[in-house]
Student: 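Let me give you the structure first, and then I'll get to my questions.
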Amino acid sequence: MKNEKYTKYLFCYFTGNRPEDESVHFALSEDGYNFFALNGNRPVISQTLGKKCCRDPFIFRDKGGFFHIIATDMRSEDGWCSNNSAVIWNSEDLVNWKNERIIDFSQFEETRDADRVWAPEIIFDKFKNEYMIYWSHHNAGGAPATVIWHAYTKDFINLTTRPKLLFAPKSGLAGIDADIIEKDGKYYLYQADEAKSAVCYAVADKPDGPYFEPDDNIVSVSSSALEGNCIYPILGTDKYVLIADRFRDGGYFMQETTDMIRFREVEESRHSIDHLRPRHGSVLTITDAEYARLLNAFSSL
């Protein structure tokens, strides 16, 4: 990705645990710190398949320039051990989303008893020339912890490998909401670590690992427990911003880094994101033309 052609930011998120809030929402930003809602902070996609509710939407631009949103197919009212699928849409223009489909992981022997398929994301693996889907996973009756699994795809429809473990914290406790980013040939995996009640990192030379987990690997600087972490570059600078959900205390937290390991809090006076009432989401860097198209399609009023 050549960052110089991207100038602005699209935030894709959901807003709460009621069925009407478990849906895809959009917000825009010119600087990566201050966001405003599109479509009056109402959903921009109407889900028709699966649970008809989705959480943790991840927005992604593929190598061909097409867009994809993958999300947790889940209705939280059904309970926290109630889903085995992800939902996907694709788009050519960020406005019109089509080809809604469900990836049901219960079709595979390894994940036949899946009862948590949460927070799916996608990264291109240049070593395999395929896309790696990874998510927080738990099998009913299996290991007690919810940890990170993965599988590969070429077309975002069919998997080319069977699901398997990608990363689990050394503690043996849960590690969820993995978000992977590449910088200077290293792949940093950030996840909400149950044992440390913090966002922690592991690092690898390839997207599919193996990931090295340092003993001193806490990166979150909030006094609140965080989950739903997302990291993205601030264009034209050497900074990266990590945003996350204060899921116990409420609100959203923002911190920044230049080396991917040492972070500092972004003061609340420097950002505006809480007013969106966001939960777990993702940020995509976009062009001026894409920004203008979204503004035109989805009124901010």
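The first residue of the sequence shown is numbered 1, and numbering continues consecutively from there.
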Student: Go through the steps for Glu22 and Arg75 under the test salt bridge (charged side-chain N to carboxylate O under 4.0 Å, His left out), then give the verdict.
Tutor: CA-CA 7 Å; Glu22 294 174 318; Arg75 179 186 293 259; 5.8 Å; no
Student: What I want to find out is whether Arg61 reaches Glu290 closely enough, with some N-O distance under 4.0 Å, to be called a salt bridge.
Tutor: yes
Student: Residues two or more places apart in sequence or in another chain: which of them pass salt bridge (Lys or Arg N to Asp or Glu O under 4.0 Å) with Arg279?
Tutor: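 Residues passing salt bridge (Lys or Arg N to Asp or Glu O under 4.0 Å) with Arg279: Asp245.
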Student: Is there a side-chain contact between Lys164 and Glu110 (heavy atoms, below 4.5 Å)?
Tutor: no
Student: Regarding Tyr152 and Glu130, do their side chains bring together a donor and an acceptor under 3.5 Å, going by distance alone?
Tutor: no
Student: Would Arg55 pass as a cation-pi partner of Phe14, given that its NZ or CZ must be under 6.0 Å from the six-membered ring centre and within 45 degrees of the axis?
Tutor: no
Student: Is the closest basic N to carboxylate O distance between Lys126 and Glu182 below 4.0 Å?
Tutor: no
Student: Is the shortest side-chain heavy-atom distance between Ser29 and Lys8 below 4.5 Å?
Tutor: no
Student: So that I can tick it off, tell me whether Asp78 and Lys51 are bridged by a salt bridge, with the cut-off set at under 4.0 angstrom between side-chain N and carboxylate O.
Tutor: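 Between Asp78 and Lys51 there is a salt bridge, with a charged N closer than 4.0 Å to a carboxylate O.
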Student: Are Asp93 and Arg293 ion-paired here, with the side-chain N under 4.0 Å from a carboxylate O?
Tutor: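 Salt bridge between Asp93 and Arg293, a charged N being under 4.0 Å from a carboxylate O: no.
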Student: Is any side-chain heavy atom of Asn139 closer than 4.5 Å to one of Asp115?
Tutor: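 They are not in contact (no side-chain heavy atoms under 4.5 Å apart), so the answer is no.
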Student: Is Leu189 close to Leu166 at the side-chain level, that is, under 4.5 Å between some pair of heavy atoms?
Tutor: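 Contact flag for Leu166/Leu189 side chains = yes.
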Student: For residues Tyr131 and Phe60, determine if any side-chain heavy atom of one lies less than 4.5 Å from a side-chain heavy atom of the other.
Tutor: yes
Student: Would you say Asp104 and Asn84 make side-chain contact, with heavy atoms under 4.5 Å?
Tutor: yes
Student: Where does the angle between the aromatic ring planes of Trp80 and Trp118 fall among parallel (under 30°), tilted (30 to 60°) and perpendicular (over 60°)?
Tutor: perpendicular
Student: Do Arg112 and Ser106 pair up side chain to side chain, a donor and an acceptor below 3.5 Å, judged on atom types alone?
Tutor: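 Their side chains do not contain a donor-acceptor pair, so the 3.5 Å distance test is not met.
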Student: Using 30° and 60° as the class boundaries, would you call the ring planes of Tyr13 and Phe11 parallel, tilted or perpendicular?
Tutor: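 Taking Phe11 first and then Tyr13, their aromatic rings lie parallel (interplane angle under 30°).
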Student: Taking atom types as modelled, find out whether Asn217 and Lys196 have a side-chain donor-acceptor pair closer than 3.5 angstrom.
Tutor: yes
Student: Could Arg248 and Glu227 be called an ion pair, given the rule that one side-chain N must be under 4.0 Å from one carboxylate O?
Tutor: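 Answer for the salt bridge query: no.
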Student: How far apart are the C-alpha atoms of Arg18 and Glu20, what are their side-chain angles, what is the distance that settles it, and do they pass the salt bridge (charged side-chain N to carboxylate O under 4.0 Å, His left out) test?
Tutor: CA-CA 5 Å; Arg18 300 180 304 172; Glu20 57 266 36; 3.3 Å; yes
Student: Between Trp89 and Phe67, does the ring centroid distance fall short of 6.0 Å?
Tutor: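 No, ring centres 6.0 Å or more apart.
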Student: I'd like to know if Asp259 pairs up with Arg262 as an ion pair, taking the criterion as any Lys NZ or Arg NE/NH1/NH2 lying under 4.0 Å from an Asp or Glu carboxylate oxygen.
Tutor: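 Answer for the salt bridge query: yes.
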Student: Parallel, tilted or perpendicular: which fits the ring planes of Tyr190 and Tyr201, with parallel below 30° and perpendicular above 60°?
Tutor: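 Aromatic pair Tyr190/Tyr201 classed tilted.
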